[in-house]
Every structure is written in structure tokens, then in C-alpha cells.
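In what follows, chains carry the letters A, B, and so on, assigned in the order in which the sequence lines appear, proteins first and then strands, with residues in each chain numbered from 1. Just so you know, these numbers use all the heavy atoms, side chains as well, and skip hydrogens, waters and symmetry mates.
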2 protein chains.
Amino acid sequence: MPSTSPSGEVPARTKRADAVRNQQTLLTAAAEVFVTSGVDAPIREIAARAGVGMGTIYRHFPTRADLVVAVYRHQVEACAEAGPSLLAAADSPFAALRQWVDLFVDFLVTKHGLANALQSDSTGFEALHSYFLDRLVPVCAQLLDAAVEADEIRPGTAAYELMRGIGNLCVGRDSDPRYDPRRLVDLLLGGLRRAQPS
Amino acid sequence: MPSTSPSGEVPARTKRADAVRNQQTLLTAAAEVFVTSGVDAPIREIAARAGVGMGTIYRHFPTRADLVVAVYRHQVEACAEAGPSLLAAADSPFAALRQWVDLFVDFLVTKHGLANALQSDSTGFEALHSYFLDRLVPVCAQLLDAAVEADEIRPGTAAYELMRGIGNLCVGRDSDPRYDPRRLVDLLLGGLRRAQPS
DNA sequence: TTACGATACGGAGCAGTGTTCCGCTTTGTC
DNA sequence: GACAAAGCGGAACACTGCTCCGTATCGTAA
């Protein structure tokens, strides 16, 4: 029986373990599906990927917007945490930056989908956007600084500017095989590199 | 038999009268439905409103984008032509302006839907947008000038600025009953009026 | 005016998707 | 171990986009 708090307020029931697990599974599954099929991917596809029933999705995320927002937060967090660990694990700071940007581009699919999913709630969107900036700009800056420090790239590029540039490259990626944002992002990153000594 | 042109090029078959009629009917019906149900309205609804079968819509406008673009052009033209005639028919230039803006707001539904319908073709969108500006800014300017001339409104408001302001008021009108753009547009128009002599 | 082929029309039917609902399973607690 | 509550899965329903083809209509040439 759930313990009643002394103040008499409604007891916060502990969530069942399987529910928590499923929620996590769904978040990562949805993120993957968003990348391959866009944020408008059929619910069935996400459910299948996560290995759960559709009812489960609707219980955790009643509307598509709920799901997209949850994935968004999840991704921001994952991206933020990935920065330092990539830096520690990769061969070089620039390699870490490259890998991080790859994650970031995946994440942008969700971010851009968010605008559509939240059409009728622009204030909520603003809040999520500034959360995104506060959390990720410092991480990106750290990666850039490290690469500069290691003399792999030229100094003088701000994290915000780079992220915004990448973000802009990734708009309008709607099933047009002639436009592959990732190629251009790679070019952009190449442009950062310090000119090789001849 | 269709006459063959002297140059031997493929003869331009004269379109059947009912086909032409249906195309016109469809354009006006679609415009009306777009206003009430948005540009994502079911094809069935548009077909029903126009009193034609769905096959007819798909023959004239194979994709939704085709239909939206056609309605868009049709609306720009109608809006442009409505300016002078409203000015001639209305009680006063300001009344004409008000009626014209009402048409314009209807039209904006299509215009904003266009951005979604043409996601993968931003150059095509640019072209349609400048066509829109070239055609309508002068009409709006004429209405404004006339109202200034009649001493109904204060001078100093540019047509482009007014139109853009109205356009911005009309974004995000997605089934949120708390936000009615038309109310705000009316307020804006009220703001133009010359202060009544006390 | 009539007859005939080309053109256009209507809408039934198929396929895919969102959403609900309820019988069954798992979990936590006593 | 037993029981109630919480959670799960997926069949079933509703709605939509889109195709296809039998039928109706139009324009033309005799």
C-alpha cells in the first residue's frame, strides 16, 4: 500500500519498473525512427521498433507532440553528456567534434519536427529552444576549444554560430535525394581545419 | 479532328468545356474549404463541396501541392482584381480596405499552407512569393492612398508593412479557439483610423 | 443531324494510418 | 503465495489518400 505523506497530500505512487523501462526504450526507439523516417513516422513503426504495443505508446505519450517533446529533451541531454565522453574517448579533439556533430545532426530532425508538432504553442517552443541553447552551446564550445588547443582547427569560430550554421544546413531535408545535409555539414567541418602545412 | 499546326508540332487539343468549368469550380471550392478546414482538408471534402468526384480532382491536380499552388495563383489574381472594384463599390475607401483585408486574410490560409505543401521546392516558393508581392502591394497601396485621401486614416503606413503585419498575425492559427487572428487584424485596422474629432 | 471516338467523370474499393478499448500479464505488497 | 492495481498488447474501428474502370459527355466529321 502506498504510504500517505504526513501532510495528507496525494501520495506519489511509485511507478512500476516495467513502465519506467518501456518509457526509456520508447524514447530511444522513437529517436532512431525519427532519423530514418522523420517525425511523422507511423506510430506502428515506433512501437515495432521498441518492441511494445501501440497502447503502450499512447499511455506514455497521449499525443504525438508529447512524444516529440520527450524525445527532444532526451536527445538534448544525451547530446550534452556525449560531448565530454567523446572528448575523452576519441583519438583527437577534432574526431570527437566530428562524432558529436553527427549526433547533433540526428537530433536536429527531432528539433525541426518539434516546430510542426507544437504549432499551436509557440511559447512552449521558445522554452524548449532556450533550454537547448543553454545546454548545448557550452558543450560544443568545449569541443571547439579542445580542437583549437590541439592545433587541429583555426580559432575564431563561435559555438553558437557553428551550431546555427549546421542547423540551417539541415532544414528542408524532406526526402529530396539531391540534397544531403550531412555531406555539407562535413564540408563545413572540413573548413574549420587548420590549413595543412605544405 | 484537331487541326494540325503548319509547323507540324503537336496540336494543342482544345480542352473540353466541362473540364474547364470543373477546374474553375474546383479552384473556388478548394479556396473555401481551405479557409474553413485548412489546406490539409480531406480531398473528399473538397470534391463534395465542388460537387465533383475525387477522380476529377486528381486528374486536374495530381498532387496536393498542385492544387494549393493553383488556388494560390487564383487567389492572388482575385485579390488583385478585387481591390479596384471594392474601391468603386464600397461606401468609403476605408470600408473597401476593410473588405479587401478580409479577402486577404482568407487568402493567407492558402499562402501559409503553401509553405508546407512545397517543402521540397523552396525555389518554386520564392517565385510564387515575389509574384504575390508584385501583384498585391500596389493594390493595397492604392486602397491605403484612397483612404488617406478621403481623410479616413492617418498617412504614413506602407502597404508592404501593413500586409506583412497582417500576415504575421495570421500564422499559427491552428485550431486554437483562444486565438482568432481576424479579431486582431480588425484591431490593427482600427489603429489606422484618424482619431475622431472630439 | 447523326454517329462515333476521344475525353472526362464518378465513386467503389484498396491500402495505410491514428486511436480506442478491453482481456490478459506483470508487478508490488501484505 | 495470494491478491489488487498497474501496465501491456494488439484487434478492431474510423478516416484518409489514391487508383481504376465502367459510364456519361463532348466535339467533330460525314
Using whole Å, report how far [atom1] of [X] lies from [atom2] of [N].
{"X": "Met54(A)", "N": "dC8(D)", "atom1": "CE", "atom2": "C1'", "result": "12 Å"}
{"X": "Lys15(B)", "N": "dC26(D)", "atom1": "NZ", "atom2": "C1'", "result": "14 Å"}
{"X": "Ile57(A)", "N": "dG18(C)", "atom1": "CD1", "atom2": "P", "result": "10 Å"}
{"X": "Tyr58(B)", "N": "dT16(D)", "atom1": "OH", "atom2": "P", "result": "12 Å"}

For a quick test of reading the model: is some side-chain N or O of [X] closer than 4.0 Å to OP1 or OP2 of [N]?
{"X": "Asn22(B)", "N": "dC9(C)", "result": "yes"}
{"X": "Arg16(A)", "N": "dT26(C)", "result": "no"}
{"X": "Thr56(B)", "N": "dA8(C)", "result": "no"}
{"X": "His60(A)", "N": "dG7(D)", "result": "no"}

Completion exercise
Residues in residues 37-53 of chain B with a heavy atom under 4.0 Å of DNA chain C, by number, are Arg44(B), Gly51(B), Val52(B), Gly53(B)
Practice task
Count the heavy atoms of every other residue, nucleotide or ligand shown that sit under 6.0 Å from CD of Gln24(A), and state whether that count exceeds 12.
Solution key: yes
Problem - CD/Glu149(B): more than 12 non-hydrogen atoms of other groups inside 6.0 Å - result: no
Handout entry: Non-hydrogen side-chain atoms of Leu26(B) and Phe61(B) separated by less than 4.5 Å
Key =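 Heavy-atom side-chain distance check passes, below 4.5 Å.
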Exercise for the section: Mind telling me whether Phe107(A) and Phe104(A) have parallel, tilted or perpendicular rings, with 30° and 60° as the class edges? Expected result: tilted
Practice task
Check the pair Asp180(B) / Arg182(B) against salt bridge (charged side-chain N to carboxylate O under 4.0 Å, His left out), numbers first and verdict last.
Solution key: CA-CA 5 Å; Asp180(B) 178 3; Arg182(B) 244 173 252 270; 5.3 Å; no
Handout entry: Out of dC8(D), dG10(C), dA12(D), whichever nucleotide has its closest atom nearest the side chain of Asp18(A)
Key =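 Within the option list, the nearest is dC8(D).
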Problem - From dA11(D), dG18(C), dC9(C), nucleotide with atom closest to Arg64(A) side chain - result: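 Of the candidates, dG18(C) comes closest.
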Exercise for the section: Check the hydrophobic clustering (I, L, V, M, F, W, Y; side-chain heavy atoms under 4.5 Å; chains of links allowed) and say if Val71(B) and Val20(B) are grouped together. Expected result: no
Problem - Main-chain N/O of Thr63(B) paired with Asp66(B) side-chain donor or acceptor, under 3.5 Å - result: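 Here the side-chain-to-backbone pair exists.
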Exercise for the section: On DNA chain D, check which nucleotide each of Arg21(B) and Arg59(B) is closest to and give me the residue with the more 5' one. Expected result: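 On the 5' side of the pair lies Arg59(B).
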Exercise for the section: Would you mind telling me which residue lines up with the more 5' stretch of DNA chain C, Ala17(A) or Val20(B), judged by nearest nucleotide? Expected result: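 Upstream on the strand: Val20(B).
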